[in-house]
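Within every chain, numbering begins at 1; the chains are lettered A, B, ... in the order of the sequence lines, protein sequences first and strands thereafter.
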There are 2 protein chains.
Amino acid sequence: MRTTELPLVVVLGDQEPPLLDRVKDRARLRRVGEADLAEALREADALLVWDFLTEALPAAWPEHGGPRWVHTASAGVDRLLFPALLRSGAVITNSRGVFEEPIAEYVAGLVLAMAKDLPGTLDRQRSRIWQHRETERVAGTRAVVVGGGPIGRAVARVLSALGLRVALVSRTARGRDPDFGRVYGFGELAGLLPDADWVVCAAPLTDETADMFDAAAFARMKRGARFVNVGRGPHVVEADLVAALRDGRLGGAALDVFRREPLPPDSPLWTAPGLLISPHMSADTHGWLEDLAELFLANFARWTADRPLRNVVDTTLGYVPMSEAPGGTPHTEEGSP
Amino acid sequence: MRTTELPLVVVLGDQEPPLLDRVKDRARLRRVGEADLAEALREADALLVWDFLTEALPAAWPEHGGPRWVHTASAGVDRLLFPALLRSGAVITNSRGVFEEPIAEYVAGLVLAMAKDLPGTLDRQRSRIWQHRETERVAGTRAVVVGGGPIGRAVARVLSALGLRVALVSRTARGRDPDFGRVYGFGELAGLLPDADWVVCAAPLTDETADMFDAAAFARMKRGARFVNVGRGPHVVEADLVAALRDGRLGGAALDVFRREPLPPDSPLWTAPGLLISPHMSADTHGWLEDLAELFLANFARWTADRPLRNVVDTTLGYVPMSEAPGGTPHTEEGSP
């Protein structure tokens, strides 16, 4: 970082993040929208990608110079791994530690809602129809959770706590995982799908995981199985999902992420049978913006002290490797899980 | 039981229970509706109350004689504790062991659905509205579960597994509960309500628990707290609940049981703000009828062998005391939990 004056931290976002005034004596903070991004980046020492759904960065990234550190208020970094940024050598950090547990609760809620046909109950309530039905147990059913990072692991933990039998699928198979015993590799997914009652995608978006859930994957799934995506939209070939729901291959699905967000009003997804649509909110519980800001501020303190940053993304892998100590939420002590 | 011929087992219900033909060589089975009940009971050795929502029994019970054993395909026995049956000295057994875990899953689903505003998400989906909202964590919130029997305990266990801080409230306070440490007494409920984010009623219906949730109880609850009833309708003063929802005292509620079932179409409950209505189905998962039949058949085998019945109701208490070994589901070995 430049030492002659306070570092310039560019904050990309239409909304003002909370808590940042805590560092106003240690940084020049400049919040910009997408229109002013390119000009601001040329001078920036660091970039906080607060509006993490932006797609403006590749076009705005300067040919020379630019921020040495990019922090994103998201878990996924797929929107940051474009050639110019990678070439620049900037360090990328993410917000691991904020999203895991909320997303896991959200997935548990979706699974239970589908098993207990809560949407069907709400439909009948609107028409004042009293119609008893039998529903499903979740305990004893089988779930495949794709994504061996902190989010997938949190999802697997909460589903296990509800009595589901969970197979965790990750980029790298592991024979002796401390939490899950065996972790399966992506190459084993096809073999796991036919036995799964629930398939949950909580993976980072990489070349390897894009379009992972397509017609071939859905065709391998058990008739009536359910699919949940809390990863990224491009994990799913959406037309194939609609087809699998329409022909009854899948018994239901829930998407919290989409190839285009906001989901366009004319998307066939809105009315696909048995499909639950939520607007990319699975991680976002009260206080999440403060948690995100705290996480950034903790890394900012490290950065200004020339200490190693937390949650550094391996730009070859496309995510923060599990071998790095977890970033921790602002509510946990540094180094605790 | 009479030994001169096969015992007469009267089965009350409009639907044929599964599996009963297994004992057709050991019993005369006579299935009746409410109209034929009185006449059938005069000759009956045993009564299986398959239609456990019936209210026809008090009027149909014979003045003299009558079944020596009454088994109900329900957990609650409130409909059986009428004077003539109590005077007759008939042994009453219930279906403990079938409902606990399904109800616990159902409650977990309701709690998560409310925390994550799933009803609001479904509403918006119908109108193709993409509207991000912040939702709530359930981990770390406080729940009070009323009902220290197997259902309440199962509910408390699953909510604890989701990270909620659960206080279990039972008829009898206990200082050293093997699962929950301390169990609170009914007299302590009023003191617990102000701190609870969630209040779940899973109690048996007795004189002590009827009308337990009235205006006074709701007034003690934290503003915005949620209430769930999977016990019996008369636990709740329904007009008081509607008022508490309308004035914002309660942030939401879910009822699976009602003072009148089916809930009449003109009930104000259908449209009370934030109230989820389900048709007495929390326990009823695929296979439940088979599980109920197996439980009856296991007790029938004990009865014909003059062995002690399982799940014997203490008619003074109004439920099966916890000190009796659990009845076990058909899928577990006798005597296992």
S.K.: For A:Ser127, is it the side chain, the backbone, both or neither that has a heavy atom under 4.5 Å from a heavy atom of chain B?
M.R.: neither
S.K.: Mind running side-chain contact (heavy atoms from CB on, under 4.5 Å) on B:Met281 and B:Asp256 for me, showing each step along the way?
M.R.: CA-CA 7 Å; B:Met281 58 190 262; B:Asp256 189 56; 3.9 Å; yes
S.K.: Testing the basics here: between B:Gly252 and B:Met114, what is the closest heavy-atom pair and its distance to 0.1 Å?
M.R.: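 Closest approach of B:Gly252 to B:Met114: C-SD, 4.1 Å.
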S.K.: Tell me the closest heavy-atom pair linking A:Ala73 and A:Ser95, and the distance in Å.
M.R.: CA-OG, 3.3 Å
S.K.: Is there a side-chain contact between B:Trp270 and B:Leu263, using heavy atoms and a 4.5 Å cut-off?
M.R.: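 Side-chain contact under 4.5 Å: yes.
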S.K.: Which heavy-atom pair separates B:Ala283 from B:Ile103 by the least distance, and what is that distance?
M.R.: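 Shortest heavy-atom separation between B:Ala283 and B:Ile103 comes out as CB-CG1, 3.5 Å.
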S.K.: Can you say whether A:Leu276 sits under 4.5 Å from chain B via the side chain, the backbone, both, or neither, judging by heavy atoms?
M.R.: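 For A:Leu276, the contact with chain B is made by backbone and side chain together.
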S.K.: Can you tell me how the ring of A:Phe213 sits relative to the ring of A:Phe227, calling it parallel under 30°, perpendicular over 60° and tilted otherwise?
M.R.: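 Aromatic pair A:Phe213/A:Phe227 classed tilted.
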S.K.: Check the surroundings of atom CZ in A:Arg223: do more than 12 heavy atoms from other residues, nucleotides or ligands lie under 6.0 Å from it?
M.R.: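 Count over threshold, so yes.
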S.K.: Check whether B:Arg157 gets within reach of chain A through its side chain, its backbone, both or neither, counting any heavy atom under 4.5 Å.
M.R.: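 For B:Arg157, neither part sits under 4.5 Å from chain A.
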S.K.: Residue by residue, scan residues 134-143 of chain B and write down, ordered by number, those that have a heavy-atom distance under 4.5 Å to chain A; if none do, write 'none'.
M.R.: B:Glu134, B:Thr135, B:Glu136, B:Arg137, B:Val138, B:Ala139
S.K.: Between A:Ala196 and A:Ala225, which heavy-atom pair has the shortest distance, and what is it?
M.R.: O-CB, 3.5 Å
S.K.: Could you check which of A:Pro279, A:Gly109, A:Gly287 has the highest count of heavy-atom pairs closer than 4.5 Å to chain B?
M.R.: A:Pro279
S.K.: What's the shortest heavy-atom distance between B:Val98 and B:Trp288, and which atoms?
M.R.: CG1-O, 4.3 Å
S.K.: Which bit of A:Leu118 comes within less than 4.5 Å of chain B, counting heavy atoms only: side chain, backbone, both or neither?
M.R.: side chain
S.K.: When only pairs under 4.5 Å are counted, which of A:Arg124, A:Glu261, A:Arg126 shares the most heavy-atom pairs with chain B?
M.R.: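 Heavy-atom pairs under 4.5 Å are most numerous for A:Arg126.
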S.K.: For B:Asp14, is there any backbone N or O sitting under 3.5 Å from a side-chain donor or acceptor partner on B:Arg31?
M.R.: yes
S.K.: Side chain from CB out, backbone as N, CA, C, O: work out which of these in B:Ile129 comes under 4.5 Å of a heavy atom of chain A, or both, or neither.
M.R.: backbone
S.K.: In terms of heavy-atom proximity below 4.5 Å to chain A, should B:Ser267 be classed as side chain, backbone, both, or neither?
M.R.: backbone
S.K.: Counting heavy-atom pairs under 4.5 Å to chain B, which of A:Gly163, A:Ala161, A:Ala113, A:Pro262 comes out on top?
M.R.: A:Pro262
S.K.: Under 4.5 Å from any heavy atom of chain A, what part of B:Glu101 do you find: side chain, backbone, both or neither?
M.R.: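 Both parts, backbone and side chain.
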S.K.: Using a 6.0 Å cut-off, check whether atom CG of A:Asp195 has over 12 heavy atoms from anything other than its own residue.
M.R.: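 Enclosed: over 12 neighbouring heavy atoms sit under 6.0 Å from CG of A:Asp195.
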S.K.: Between B:Val11 and B:Pro17, which heavy-atom pair has the shortest distance, and what is it?
M.R.: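 Scanning both residues completely, I find the closest heavy atoms to be CG1-CG, 3.7 Å.
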S.K.: Who wins among B:Ser282, B:Pro264, B:Pro265, B:Ala104 for the most heavy-atom pairs under 4.5 Å with chain A?
M.R.: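 Going by pairs under 4.5 Å, I would pick B:Pro265.
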S.K.: Out of A:Ile277, A:Asp266, A:Leu269, return the one with the most heavy atom pairs under 4.5 angstrom to chain B.
M.R.: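 Of the candidates given, the most pairs with chain B belong to A:Ile277.
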